[in-house]
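I have placed the structure first, in the form of structure tokens, so that the comments after it can refer back to it.
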Amino acid sequence: MTIVTRFAPSPTGYLHIGGARTALFNWLYTKHVGGRFLLRIEDTDQERSSKGAVEAIYDGLKWLGLDWEGDAVLQSQRAPRHREVAEQLLASGNAYHCYCTPDELTAMRELAMKEGRPPRYDGRWRDRDPKEAPPGVKPAVRLKAPRTGETIIDDQVQGEVRIAADQLDDMVLLRSDGTPTYMMAVVVDDHDMGITHVIRGVDHLTNAARQVQLFRAMNWAVPVYAHIPLIHGPDGAKLSKRHGALGVQEYAKMGYLPEAMRNYLARLGWSHGDAEIFSTEQAIEWFDLPGIGRSAARFDFDKLRNLNGVYLQQADDDRLANLIAPNFDPALTPDQAARLKTLMPELKKRAKDLNELADNARFLTAARPLSLDPKAEALLGAEARAMLGRLLPILTTVGDWKVAGIEAAVRAFGEAEGRKLGDVAQPIRAALTGKATSPGVFDVMAVLGRDDALGRITDVAR
RNA sequence: GCUCCCUUCGUCUAUCGGAAAGGACGCCGGGUUUUCAACCCGGAAAGAGGGGUUCAACUCCCCUAGGGAGCACCA
């Protein structure tokens, strides 16, 4: 049997990080078992859904490299089929019309709460003669749920979860205006799409019980469920925008690489022994449901950044250069682009995200005289500037402007001055880059070229 | 309020009745070094509490506490 999974977000804004991980788990599992991964947009709530939000989901998934099969199913377009199934349920006696008014329902809930019972619909129209229906009231359709026993979900992550019948009431399938509810839509769509495995957040665990009842009522095969724990913010509370509940696009903007994101997200709530850094291929090979943990995981930016740094170091130089190219305005000249590429192997070791990488490379395009950051300023005291003044004529004598020649000259100068190399190199670095951090100063000088390098030193020397 | 789920270093986690409870991030210290970073080495750091079960519990059961989720004619 081919395993079929799906990711079914509602388009209410963007693909947030929790959704991204759910999608990733589904995708990894599907790839692992050689199944089919489908996408369904749950846009039945037209007010909260928007076209842009649907695009954001597509973009987010694509950025993460999660490909789905075929076109996404738009749930909103399947309403007729949902209604059709409701009719079948009505016909088979598994559903009934409910003529309760909203006021009646709230009163029912409030009373139940007061009496310490869960706020449930009491099933007053379940067996009542429809002839007693108040005139002019449009009925909703409710499922005739089992009143006794319990619904058992054999969850692949949570284990066997039992929900007693009295915890669940006769849920609405069709609203009085004829539109299908989420529960109805999900079950019908999952069935029609041939979904065999439902991997989603635990917030749907109790929904699963209701959905199982519906599957049973229709005599459909119940899918395998795997409810994965949620992601919390660093403080353990619900993930908020302030600390991580951002759209994946935000992570892209923050300069994270998709492969780092995949690795980080995969490792959040799932593990394979001590494996920490692994390729997507490796993740596919290893990923399985039993490896998913049961407790919520906190989002840890430090770890993400560390991972991103690792992937940055491994990334192809040209690719990185292209990725940060948009950070330069005006655009890099061919000459500057070449310099960037030359220094990339050193530059990428010093950055945790693409924006940092771009910032560290900015000195390549900076116009003279450079603006110095505070740390660079501190390195260029009067004495240092005077020293650079003495170094200048020596550098001028370097015939072949390459790393070896420059280094030899500077080292000789340092010795003559009785200074440690670091004491000479730091001011040079500050003069060349305006920062206290950069690739090796000799590399930087070579890449900058004689004129530019000497010019920058001249600007600050005395 | 009711129901369900969760609980190992600060964080992500390994462990699947018998180990000095392991790894990773972060942190601290050291090395290398031309700064920072990278890299290498070392260190501090954990079984929520209480009862059981067992020859033996982090591992199984119960209770308590804490955390989370769900309880709509939202999705």
Side-chain angles (χ1 to χ4, degrees), chain A residues 8-12 42-45 47-49 75 98 100 102 105-106 109 112-121 138-142 153 155 157-159 161-164 166-169 171-177 179 181-183 185-186 201-207 209-210 227 229-230 232 234 236-238 264 267-277 293-307 309 313 346-352 360 375-376 379 407 410-411 414 420-430 435-442:
Chain A
S10 26
T12 52
E42 310 214 314
D43 57 348
T44 48
D45 186 354
E47 281 170 28
R48 279 195 342 205
S49 303
Q75 194 160 62
C98 169
C100 283
L105 293 171
T106 12
R109 268 196 295 276
M113 280 287 231
K114 220 170 76 186
E115 291 175 356
R117 288 180 291 117
R120 299 286 117 81
Y121 171 69
K138 291 214 161 156
V141 174
R142 285 182 185 270
I153 302 155
D155 196 274
V157 172
Q158 306 294 331
V161 178
R162 296 161 173 268
I163 308 283
D166 63 6
Q167 290 305 314
L168 272 14
D169 58 6
M171 63 177 151
V172 172
L173 266 20
L174 243 42
R175 300 186 186 93
S176 47
D177 65 1
T179 58
T181 59
Y182 164 76
M183 291 295 172
V186 168
V202 263
D203 47 333
H204 286 97
L205 187 56
T206 22
N207 287 340
R210 309 186 100 104
H227 287 91
L230 270 23
H232 289 175
K238 199 172 166 180
Y264 177 71
R267 197 59 193 59
L268 198 59
W270 172 80
S271 61
H272 181 80
D274 284 341
E276 292 285 348
I277 297 174
R294 289 137 301 261
S295 54
R298 300 185 190 200
F299 195 91
D300 183 0
F301 268 102
D302 283 333
K303 194 152 183 175
L304 205 213
R305 288 186 69 72
N306 173 270
L307 257 183
Q313 282 198 53
E346 288 302 309
L347 249 11
K348 68 185 182 183
K349 283 200 285 201
R350 292 167 169 78
K352 296 287 188 204
N360 292 344
K375 281 183 186 167
L379 287 168
E407 180 167 356
V410 174
R411 280 185 187 276
K420 286 195 294 187
L421 189 51
D423 294 338
V424 182
Q426 270 311 84
I428 298 177
R429 163 173 285 115
K435 303 178 76 127
T437 303
S438 82
V441 285
F442 307 126

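Computation of the quantities below employed the complete heavy-atom set of this structure, encompassing side-chain atoms and omitting hydrogens, waters and symmetry-equivalent molecules. So that the names make sense, note that chain A is the first sequence line, chain B the second, and so on, each numbered from 1.
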Contact class for A/E346 (heavy atom, under 4.0 Å): base, sugar-phosphate, or nothing?
nothing
Ranking B/U34, B/A75, B/C73 by distance to the side chain of A/R429, first place goes to B/U34
Selected nucleotide, minimal atom distance to A/A140 side chain, candidates B/U13, B/C73, B/A75
B/C73
Out of B/C73, B/A38, B/G22, which nucleotide sits closest to the side chain of A/R109?
B/C73
Roughly how many Å is it from CD in A/E276 to C1' in B/G22, rounded to a whole number?
11 Å
Base, sugar-phosphate, or nothing for A/V441, non-hydrogen atoms under 4.0 angstrom?
base
By nearest heavy atom, map A/S438 and A/S295 onto RNA chain B; which one lands nearer the 5' end?
A/S295
Quick one: label A/A436 by what it contacts on the DNA or RNA (base, sugar-phosphate, nothing), any heavy atom closer than 4.0 Å.
base
Just compare B/A75, B/C2, B/C6 and give me whichever is closest to any side-chain atom of A/R294.
B/C6
So what does A/M183 hit on the nucleic acid, given a heavy-atom distance under 4.0 Å: a base, only sugar-phosphate, or nothing?
base
Closest-nucleotide ordering on RNA chain B, the 5'-leading residue of A/K352 and A/L268:
A/L268
Gap in Å between the two C1' atoms, one belonging to B/G22 and one to B/C9, rounded
12 Å
Using a cut-off of 4.0 Å on non-hydrogen atoms, how would the nucleic acid contact of A/S271 be classed: base, sugar-phosphate, or nothing?
sugar-phosphate
If you check the A/T44 side chain, which of B/C4, B/U11, B/A75 turns out closest?
B/A75
So, do A/Y121 and A/C98 sit near enough that their side-chain heavy atoms are less than 4.5 Å apart?
yes
Is there a donor on the side chain of A/T206 or the base of B/C4 sitting less than 3.5 Å from an acceptor on the other?
no
Complementary nucleotide for B/G29 - Watson-Crick or wobble, under 3.5 Å
B/C41
In whole angstrom, give the distance that lies between atom NZ of A/K349 and atom P of B/U34.
14 Å
Is a side-chain donor or acceptor of A/R267 paired with a backbone partner of A/A275 at a separation under 3.5 angstrom?
yes
Between B/C36 atom P and A/R350 atom CZ, what is the distance in whole Å?
11 Å
Short question: side chain of A/R350, backbone of A/S438 - any donor-acceptor pair under 3.5 Å?
yes
Would you mind pulling out the nucleotide paired to B/U53, Watson-Crick or G-U wobble, both distances under 3.5 Å?
none
Once you apply a heavy-atom cut-off of 4.0 Å, does A/G269 come out as touching a base, just sugar-phosphate, or nothing?
sugar-phosphate
Span that lies between the C1' atom of B/U59 and that of B/C16, in whole angstrom:
7 Å
For B/U7, give the paired nucleotide (Watson-Crick: N1-N3 plus N6-O4 or O6-N4; G-U: N1-O2 and O6-N3; both under 3.5 Å), or none.
B/A65
Heavy-atom check, side chain of A/V157 versus side chain of A/R294, under 4.5 Å
yes
Could you tell me the Watson-Crick or G-U partner of B/C2, where both distances fall under 3.5 Å? Say none if there is no partner.
B/G70
On a whole-Å scale, what distance lies between the C1' atoms belonging to B/U53 and B/C58?
16 Å
Rounded off to whole Å, could you give me the CG-to-P distance for the A/L307 and B/G26 pair?
10 Å
Paired with B/G17: which nucleotide, if any, by Watson-Crick or G-U wobble criteria at under 3.5 Å for both distances?
none
How are the rings of A/F299 and A/Y264 set to each other: parallel, tilted or perpendicular (split at 30° and 60°)?
perpendicular
Could you let me know what B/U59 is paired to, Watson-Crick or G-U wobble, both distances under 3.5 Å, or none if it's on its own?
none
Nearest to the A/N207 side chain among B/A75, B/U35, B/C39, which nucleotide is it?
B/A75
On a whole-Å scale, what distance lies between the C1' atoms belonging to B/G70 and B/A14?
31 Å
When the P atoms of B/G47 and B/A21 are compared, how many Å lie between them, rounded to an integer?
12 Å
Taking only the C1' atom of each, what is the distance from B/U8 to B/U15 in whole angstrom?
9 Å
Nucleotide B/A72, atom P - distance to CD of A/Q167 in whole Å
12 Å
Evaluate salt bridge (Lys or Arg N to Asp or Glu O under 4.0 Å) for A/D300 paired with A/R305, printing each intermediate quantity in order.
CA-CA 9 Å; A/D300 183 0; A/R305 288 186 69 72; over 6 Å; no
Taking the minimum atom-to-atom distance to the side chain of A/P119, which one of B/C36, B/G1, B/A69 wins?
B/G1
Distance in angstrom units between A/R162 CZ and B/C4 P, rounded
12 Å
Candidates B/U34, B/C36, B/G23 - which lies nearest the side chain of A/F442:
B/U34
If I take atom OH in residue A/Y121 and atom P in nucleotide B/A72, what distance separates them, rounded to the nearest angstrom?
14 Å
When you get a sec, tell me which of B/C12, B/A14, B/C5 is the closest nucleotide to the side chain of A/Q158?
B/C5
Measure from NZ on A/K303 to C1' on B/C9 and round the result to the nearest Å.
12 Å
Would you say the base of B/G70 and the side-chain of A/D203 have a donor-acceptor pair closer than 3.5 Å?
no
Does the A/N360 side chain pair with the main chain of A/L347, one donor and one acceptor, at a distance under 3.5 Å?
no
Sticking with atom C1', work out how far B/C12 lies from B/A45, rounded to a whole angstrom.
15 Å
Of all the nucleotides listed (B/A75, B/G10, B/U34), which has the minimum atom distance to the side chain of A/E42?
B/A75
Ring-plane angle category for A/W270 and A/H272, please: parallel below 30°, perpendicular beyond 60°, tilted otherwise.
parallel
What distance do A/L168 atom CG and A/R210 atom CZ have between them, rounded to the nearest 0.5 Å?
4.5 Å
Using the C1' atom in both, what is the distance from B/C6 to B/A38, to the nearest Å?
39 Å
